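Notes for the one structure printed next.
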Amino acid sequence: MRAARRAAESSAGAVSGGQRAMTGPLVHYANLVSDLAVDLSEDGALRTWAEQAPREVWLLHPGDVLVSPVEIGEEFLAYACALTGVPRASLGVVADPGAFGAAAARSGPHPAVAAVRGAAGARPPAAVLPTALDASAVALARGLGVPVHPYATADDAEAALEVTRLLNTKAGFREAGRELGMRMPDGRVCRRGGVAAAVAEMLRAHGEVVVKPDRSAGGHGMLFLSAAAGPWAARGLGAVGGERGLWVVEERIDAARSVSVQMETGPDGPRTLFTGEMRTVEGAFAGYAAPLPEASAGLGAVLEEWGGALGRYLAERGYAGPFGLDAMVSADGVPYAGESNVRRTATTTPQAMAARLAAAGGCGERAWATGRVRAEPGLRFGAAVARLRAEGLAYDPARCEGVVLYAAAPAEGAAWRYAVLAADLAGALEYEERLHAAWAPAG
């Protein structure tokens, strides 16, 4: 608790909602390649997540430096800077894929320190703002001689690593959730060797179960099993975590909706940033829409109650910063807590972007949604923006609504990540429908 209190006394608060009060440039450390989410041996998942790093461009202010595990295309940078009003020349960008894997895999000096200093130039950074608080973020801050935002020192941030790591695991969240009185699916935590027995027991009790690696994000490594398919003997169980790795076997909730609350916490207690509804495909995150409609006010209140309890739990153990809590809602409207993500998530950056663009346009709060859309192969970023403009879908700063390509051009064969902004959710969803209709493959 002492570490979090010192953090608040020395910092003007977390970077959120498009606003920041901290003085001096920040080093935005897009450490999506982090062992907080999965084992570092999970190369495929880490590469996929790393491709989302360009979205952090929307958080940059003049003088800031972005450290990314992938290259940031100049077309995308120019596009984002034009919408945020930040001069491209004022920004430093360090794209160093090797530095992320090396920093996450071993202790010691961060290999990107010299490159960050060079990119910062004559304006030394005030702090490191990581996507997730992990050992590599602390190492980068120490190498630069600055704190990890919003902590007072790198030592204070390091003191919060244990609870951060624990609450980014499925087993850690189940333990904390039960202690805090959240409604949770029936479940068992076991080592790899005990998964088959736990599955058999849970299938007899519930008929359908979900098998989750202890450390997993975005649905990676999850299995959905049914008693109707017959006995299961650990077929398809991923290598995540090795022989001693933990797994969670839970009853499968027939979820009509998947929702979340995003908050930040510290010594002054938790604060709600926003609530919304997740789009999922077989448990994997596929997009988001915010805010929750007014008809879901009761559900939002439950999310905030559970999130508030978790925020206090984190703060009491020294954590300060962003976190999210996901929940499933059954067909009869009963919410069940699912997991916590103690980091900046796939929703926090688009929300901050939406708030920032609305403020720049002098508009009120915007509703927004994110998703993916496919286009013809080989479409370049500049051509995609031109296409949106020609179709009347591109974001209009004067009206604070439209489609934003918020994560750069996708890898070959992948879909484009977009955000849609409008005065209300119905308007945002209308833009989304028009986008998918216009970009649908011919034939």
Side-chain angles (χ1 to χ4, degrees), residues 1-9 11-19 21 36 132-133 149-151 156 159-160 162-185 253 255 257-278 288-330 333-349 351-352 355 365:
M1 185 67 176
R2 185 176 60 230
R5 182 176 293 112
R6 287 200 301 266
E9 291 169 350
S11 170
V15 177
S16 61
Q19 303 290 328
L36 281 188
L133 177 62
H149 186 74
Y151 298 88
D156 290 342
E162 182 178 353
V163 70
T164 302
R165 183 177 180 84
L166 181 65
L167 267 298
N168 276 301
T169 67
K170 304 296 189 288
F173 175 71
R174 282 191 63 86
E175 182 177 353
R178 285 195 300 269
E179 180 180 332
L180 298 171
M182 299 179 197
R183 182 186 299 107
M184 308 187 78
I253 301 299
R257 304 168 66 187
S258 296
V259 295
S260 81
V261 59
Q262 304 297 317
M263 308 181 82
E264 60 187 16
T265 194
D268 294 330
R271 180 173 75 92
T272 300
L273 301 177
F274 60 94
T275 59
E277 186 156 353
M278 294 179 283
Y288 199 79
L292 284 176
E294 290 184 7
S296 299
L299 175 59
V302 172
L303 289 174
E304 292 194 40
E305 178 185 346
W306 289 350
L310 182 61
R312 290 185 290 275
Y313 180 96
L314 288 165
E316 287 167 1
R317 289 156 180 79
Y319 179 80
F323 70 96
L325 186 149
D326 298 344
M328 301 156 287
V329 184
S330 67
V334 178
Y336 293 81
E339 67 178 14
S340 57
N341 296 293
V342 186
R343 57 185 183 266
R344 296 186 67 85
T345 70
T347 64
T348 49
T349 295
Q351 185 272 340
E365 184 177 349

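Computed from a predicted model, the values in this text were never measured in an experiment.
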Task: Heavy-atom closest pair, residues T169 and L166 - done: OG1-O, 2.6 Å
Task: Residue pair W306 / A327: nearest heavy atoms and the distance that separates them - done: CZ3-CB, 4.5 Å
Task: Value rounded to 0.5 Å, distance of CZ in F323 from OH in Y313 - done: 13.0 Å
- [ ] Kindly give the heavy-atom pair with the smallest separation between P185 and M328, and that separation in Å.
- [x] CG-CE, 3.8 Å
Task: Gap between atom CD of E365 and atom CD of Q351 - 0.5 Å precision - done: 8.0 Å
Task: Heavy-atom closest contact (D326 atom, S260 atom, distance) - done: OD1-CB, 3.2 Å
Open item on the list: Tell me if a side-chain donor or acceptor on Y319 pairs with a main-chain N or O of T265 at a distance below 3.5 Å.
Closed with: no
TODO: Keeping the roles fixed (side chain from S340, backbone from F173), state whether a donor-acceptor pair exists under 3.5 Å.
DONE: no
Task: Euclidean distance, L303 CG relative to F274 CZ, rounded to 0.5 Å - done: 12.0 Å
Open item on the list: For the CZ atom of R257 and the OG atom of S296, what is their distance to the nearest 0.5 Å?
Closed with: 3.5 Å
- [ ] Nearest 0.5 Å please: distance from the CD atom of E339 over to the CG atom of N168.
- [x] 9.0 Å
Open item on the list: Would the distance check show the side chain of T345 and the main-chain N or O of T347 forming a donor-acceptor pair, the cut-off being under 3.5 Å?
Closed with: yes
- [ ] Find the distance between OG1 (T272) and CE (M263) and round it off to the nearest 0.5 Å.
- [x] 3.0 Å
Open item on the list: For a 4.5 angstrom cut-off between non-hydrogen side-chain atoms, does R183 reach P335?
Closed with: yes
Open item on the list: With a 4.5 Å cut-off on side-chain heavy atoms, are L325 and M182 touching?
Closed with: yes
Open item on the list: Between V259 and T275, does the side chain to side chain contact (heavy atoms under 4.5 Å, CB included) criterion hold? Intermediate values first, please.
Closed with: CA-CA 8 Å; V259 295; T275 59; over 6 Å; no
Task: N341 (side chain) donor-acceptor with G324 (main chain) under 3.5 angstrom - done: no
Open item on the list: For P150 versus A320, what's the shortest heavy-atom pair and its separation?
Closed with: CD-O, 3.5 Å
Open item on the list: How close do A132 and R343 get, counting heavy atoms only, and between which atoms?
Closed with: CB-CB, 3.7 Å
